[in-house]
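Notes follow the structure.
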Amino acid sequence: MKPDRNTEQTRAASGHPVAQWPLGLAALGAAALYASLAFMGIEISRLPGSVATLWYANLAGAWALAHRPHRDWLLMLPLMMAANVAVNLALGDALLPALCFVPANLLETALAAWAVQRVTRWPELLRSPTLLAKALLLAGVAPALLGSVVGAALLACASEQDFAYLWPRWLEGGLIGGISLLPLVLVLLHRRDAPLLRPGRRLEAVSLLLLSAGVSLVVPLAVPYPFVYIALPLALIALRQGLALTAIANLMTSVLTGTQIGLGLLVAPPTTLHWQHVLFYLPILAVIVPPILLATAMEGYRHGLRELRASEQRFRNLYTHTPALLMSFLPDGRLVSASDLWLEKLGRQGPEVLQQPFTRFMPAVSAQRMHDVVLPTLRRTGVCQDEPCQWLTAQGELIEARLSAVWERDALGEPSRALAVIEDVTEQQRLALFAAEREFTEVTLHSIGDGVVACDPEGRVQYLNPVAAKLLGSPAEALRGRLFDEVIVLLDQDTQQRIDSPVQRCLREQRVSGLPSTALLKGAHGALHPIQDSVAPIFGREGRLMGAVMVFQDVREARAMAQRMAHLAHHDALTDLPNRVLLQDRIEQACEHSQRVGGQFGVMFLDLDHFKEVNDSLGHAAGDELLRTVARRLQTTLRQCDTICRLGGDEFVVLIGQVDSAQDLAAVADKVLAQVAQPCHVAGQTITVSISLGLALYPDDGSTVERLMKHADIAMYRAKRAGRNRYEFFSAPPAAPPGGEPSDAVSRPPPPA
Ligand SMILES: Nc1nc2c(ncn2[C@@H]2O[C@H](COP(=O)(O)OP(=O)(O)OP(=O)(O)O)[C@@H](O)[C@H]2O)c(=O)[nH]1
């Protein structure tokens, strides 16, 4: 966007009353100012000793114009020139010579105003001697040069005076006026809202101004070569005070000195040069220009100093308040600064740590390593990076850290101090340790053969190891976050009903809980896995319940083995028929049942006939085979509800349930005799065996297991004696003598040879 020209033009003077005055008032004010300075200049030039006009009016006019946009100049400039003519006429000049001054003054004023507007946009104008010198050339020297040429030429034409005589005098007056007043104009326009005088030094300012004025007034009257002395207070002002007071003092000096020259109080020393009068005024310039440049340099220096201090303060603030652990230490290790966070971290105050060796705040091992390894490396290479170290807080806590440092070097290249950054890695290390522990735990859980399922306090699955995931047929990620009971179905092997959630029970009771020994886990594709498990609560460090973990094993083989063992304990290994233990149990149950509900049952004692001969003739294995054949035949002949037991050897006992009479039992015995008598193939031969049976009936032949078995045995031996391959009922013996065994306890006959 193109800037508004008027705004641009008046930017330098914005905020100044002249910029805000109505145009008419501004033009009149400018004309009045111009007239008064012109009057003063013309009056001085007409003093007896004066050789030049001290012309301030054009620069003052330029100052007024610089506040206003260019269009306003169309009114202001003519009014100022009219004032110029009016003053000349009033002081006795004729109209033509008076008019001859106008073009030159008009040109000089407009040019100076234009240049002033431009140079006041330079940001460093009042802090750079170079820029100020350029500004003096552009807005002071150049307009005076041009104006003087035009003015001297016109005046030479209108009068009988020589151009060569007129021009240097005109130029001299314009230069002194311009260079004297221009710095003040630039200060006024450029300073914006800044105070004109340096704050807190007003008394000194007034004193120095009075001194300068006094020197300017007295010295020319008292000593030769007075300009050297006049320059001294100005230099002092330039050093001590700002540019503004120097500009004021300059202006005052030029006015006073010019007036003294005009009054003939300051006389030009004799010279051989033709332009002696001209050169006589030049010392004024030589006196005022160096102080103004010096003051500008001082402004630049002060500004630089302020910037440096501000920058240093910013750096200090950054250093002190930065959210990092920073410290600086001298080559001998003494601390010179520490950031707030460093102090806070160590629980220390600045005064107690500064000038102390920083290793004092480390445990002995770390301090030793600093002295032996880190500091020598730092001194040798100028830098150290991420050196592990430890710090001790005021409360005795240990901080794990890493230290990086770099030397700052002085002008001679010697290490002056080290700036160190400390990184607190306590938490980082704790997390790394935690991660390592966690990884170890995870690897362990992944490696063990048991299934592991961990839940949170709500019973939601948080972790499954691969064994558990494999059994359940789902990846751990798919099951994580779901309720344990949704994910894991536990059934009772016997009832096929769901088992109460052991996890919920554990979480509720906050103690280890287990599953019944018949628990089954429903796994992938409905497969049932016999498992045994235990669920333990997980407590955090503060004793807070954090969840529960179930560890389970697939006990298919162990449970099958247990079942086998249980079977073997109750069955005969050769025939797999129930053994004596089971038989006794069944007979006891039958006794109890019959006692409760009534009814009869039979006990049949069986013994193979001449079995020994089979063993002897065909071998023991053939005997075994024959026993298994007989067992099978008994199983196929008898009912499911009957219990067929092998007592051992060639003896079997059968519990025949639910018989109504002895005839029923006899019928069963007949069937058994018939079946056993069938020829059978043993050891490649066809043989025929027979069997002898003894029958006892509950309750007539006994109401206890022992008596029923004993009586059936007796009956069996009776059958043997009666010729074998037959059965005999137990004949009820006569009543037993008091206190003795019944007399039917016949002894077993010896087996046939
Ligand atoms: N093959 C085999 N033989 C057995 C086993 N247990 C016992 N025996 C034998 O079975 C035979 C039993 O004979 P007994 O019942 O006393 O006599 P027996 O030859 O059958 O004659 P009687 O019973 O009087 O008809 C003995 O020779 C035992 O050694 C077994 O488990 N297997």
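Computed over heavy atoms, backbone and side chain alike; hydrogens, waters and symmetry mates excluded. Counting starts at 1 for both ligands and their atoms, following the listed order. We count residues from 1, following the sequence as given.
- The closest approach between a heavy atom of Met716 and any atom of ligand 1 is not below 4.0 Å.
- Within the 4.0 Å heavy-atom criterion, the part of Arg646 lying near ligand 1 is the side chain and not the backbone.
- The pair Arg505-Asp500 fails the salt-bridge criterion, with no side-chain N (NZ, NE, NH1 or NH2) lying under 4.0 Å from an Asp/Glu carboxylate O.
- Less than 4.0 angstrom separates some heavy atom of Asp609 from each of these atoms of ligand 1: 25 (O).
- Atoms of ligand 1 found under 4.0 Å from any heavy atom of Lys612 (numbered from 1 in listed order, with element): 18 (P), 19 (O), 20 (O), 27 (O).
- Taking every heavy atom of Gly649 and a limit of under 4.0 angstrom, the matching atoms of ligand 1 come to 5 (C), 6 (N), 7 (C).
- The distance from the CD atom of Gln390 to the CZ atom of Arg402 is 12.5 Å, given to the nearest 0.5 Å.
- Between Tyr463 and His446, the ring-plane angle classifies as tilted under the 30° and 60° cut-offs.
- Residue-to-ligand polar distances place Leu608 within reach of ligand 1: an N/O pair is separated by less than 3.5 Å.
- Counting heavy atoms under 4.0 Å from ligand 1, residue Glu651 does not touch it at all.
- Relative orientation of the Phe729 and Tyr727 rings is perpendicular, given thresholds of 30° and 60° on the angle between their planes.
- Not one N or O of Gly623 is nearer than 3.5 Å to an N or O of ligand 1, by distance alone.
- When each atom of ligand 1 is checked for a heavy atom of Asn615 under 4.0 Å away, the hits are 1 (N), 2 (C), 3 (N), 4 (C), 8 (N), 9 (C), 10 (O).
- Of the N and O atoms on the side chains of Thr575 and Arg628, not one donor lies less than 3.5 Å from an acceptor on the other residue.
- Ligand 1 has an N or O atom lying under 3.5 Å from an N or O atom of Arg724, backbone or side chain.
- A donor and an acceptor atom, one from each side chain of Asp585 and His570, are nowhere located under 3.5 Å apart.
- The two atoms that bring Lys522 and Leu472 nearest to each other are O-CD2, 4.2 Å, heavy atoms only.
- When the heavy-atom distances from atom 12 (C) of ligand 1 to Val689, Asp650, Leu618 are ranked, the shortest goes to Asp650.
- Proximity of Asp607 to ligand 1, defined as any heavy-atom pair under 4.0 Å, is confined to the side chain (atoms from C-beta onward).
- The aromatic rings of Phe358 and Trp391 lie tilted to each other, with the angle between the two planes from 30° to 60°.
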